[in-house]
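Sequence lines set the chain letters: A, B, ... in the order given, protein chains first and strands last, and positions in each chain run from 1.
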Protein chains: 2
Amino acid sequence: MDELKYSYKYPHPAMASDCVIFGFDGVSIRVLLIQRGVEPFKGKWALPGGFMNIDETAEECARRELEEETGLKNTVVEQFYTFSEVGRDPRERVVSVAHYALVRLSEVKGGDDASMARWFAQEEIPSLAFDHDHILRMAISRLKERICFEPIGFELLPEVFTMTELQNLYEAILGIKFDRRNFYNKMLKLGILSEAEPRPAQASRRVPLRYRFNAMKYAELKQKGFRLEF
Amino acid sequence: MDELKYSYKYPHPAMASDCVIFGFDGVSIRVLLIQRGVEPFKGKWALPGGFMNIDETAEECARRELEEETGLKNTVVEQFYTFSEVGRDPRERVVSVAHYALVRLSEVKGGDDASMARWFAQEEIPSLAFDHDHILRMAISRLKERICFEPIGFELLPEVFTMTELQNLYEAILGIKFDRRNFYNKMLKLGILSEAEPRPAQASRRVPLRYRFNAMKYAELKQKGFRLEF
DNA sequence: ATATTATGCGTAATATTTACGCAATAAGAT
DNA sequence: ATCTTATTGCGTAAATATTACGCATAATAT
């Protein structure tokens, strides 16, 4: 029988953190899920996450659990909502602080100790454990809002990318198609892209230019208050 | 000595909800604070809030505490961030889900049982108990973001208001001055205002027209996706 | 060889935003 | 009572931004 060592005058809920991890495969957005190995919901897919230690913040908990369950280290996660419905966990009262993060697919190496983790394209995502369907839905809507204010999308692309890849990413997140030439004009005028390589002497019109995100220019723009609008 | 009736295998933090309540006095934004009657921080001003019961959500807790401490009933609160720094409460580990709400000043009746509560203009706000300064700063920045997407400002005004009052509200929240005529044009073109009274036969050019928020028109607009931009 | 497609770059048409002008009149000053 | 000032409703020209395309080129597919 369990030893119940920690006592309080009033009942306390357990605290947890969960993570919605987004990736981009070049065409569509993917979400990193883990398969539960224990009850409850054994065998079901769920968001990475787990119980908070008493000496760590919600964010630290999210990052720790993420590394333990998927191998992702030092991921920048952003809290977006706290789920506190009374019956959301069948074991006991659990309040969960939900976070999201954007990572490059290449950062998750399959095969090793994180073999329970798998990337799912949106249309493949099965029904999830706990209230994780709900958490995921909210994360997706937050992602859409955020991409209009911060160029978070660059975290999903390789360091060097083409304009078409960038457009595909925006289209995948927002679910809208843009005119290729207008997207190109708007992005270049924003000034947050730098050409990654010197242009070839013989300018080909079929091999795309490759860009990288210019964080310095972005910082300047952000100061003035701007908007990545679509 | 306290009886410690609730025991767990692992330590659990206490959960709380806090509320940042915004009002508008016609010129500037105000915040509703309560003065603490007990230690810790006895005598200091703080955000309304308190510990969560084991059978209620964070939002229910926020609304209950708000009513207990300020008399405000049935307030629509919106969660915006969860604060989980380890040392934020000197008594024990407390994780707090912060909420904000917009109410009309007239809804808080002073004098009665809620006599500890008082409205502060932004420049009057003293240093607050716990990490409530931090919570308040974040609430203000969320308020600024939200007002550009949702006409939340209307909850702060009386039901019937003039264009100048509405402009004062936007200027107070965003800290920007607008051209009166452009603000007027933009608001009218949006179509979410209705004239509150028939125009007087002899149209005066000094007595302002009075409007009310047209929730139906707003709902239509929201469907299409729009933006209250400034 | 030939057709097709992706790319870089440009531009006219349209819509939106910004910066003001103006007359009427209530309120305040003299 | 008279004059001055401030506020309001309503326009409108200029500046700016967005949208919808055209086009030449070169890599790729047929």
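- In this structure, A:N185 atom CG and D:dT18 atom P are separated by 11 Å, rounded to whole Å.
- In this structure, A:Y184 does not reach the C:dT7 phosphate: none of its side-chain N or O atoms is under 4.0 Å from OP1 or OP2.
- In summary, the aromatic rings of A:F80 and A:F22 are positioned with their centroids too far apart to meet the 6.0 Å limit.
- Applying the 3.5 Å distance criterion, the base of C:dG21 shares a donor-acceptor pair with the side chain of B:R181.
- For the pair A:R180 CZ and D:dC23 P, the interatomic distance rounds to 14 Å; values are reported in whole Å.
- Between A:W45 and A:F120, the angle of the ring planes goes over 60°, which puts this pair in the perpendicular group of the 30/60° scheme.
- Rounded to a whole Å, the CZ atom of A:F183 is 13 Å from the P atom of D:dT19.
- If you check every strand for non-hydrogen atoms under 4.0 Å, B:T164 touches sugar and phosphate atoms only.
- In terms of phosphate contacts, A:R199 brings a side-chain nitrogen or oxygen within less than 4.0 Å of OP1 or OP2 of C:dC9.
- Rounded to whole angstrom, the span from the NZ atom of B:K186 across to the C1' atom of C:dT18 amounts to 9 Å.
- Which of C:dT7, C:dT5, D:dA6 sits closest to the side chain of A:R205 comes down to C:dT7.
- Atom pair A:D179:CG and C:dG10:P shows a separation of 16 Å (rounding to whole Å applied).
- A:R146 forms no cation-pi arrangement with A:F149, by the criterion of a distance under 6.0 Å to the ring centre and an angle within 45° of the ring axis.
- Note on ring orientation: taking the six-membered ring where Trp is involved, the planes of B:H134 and B:F83 are perpendicular (angle over 60°, cut-offs 30° and 60°).
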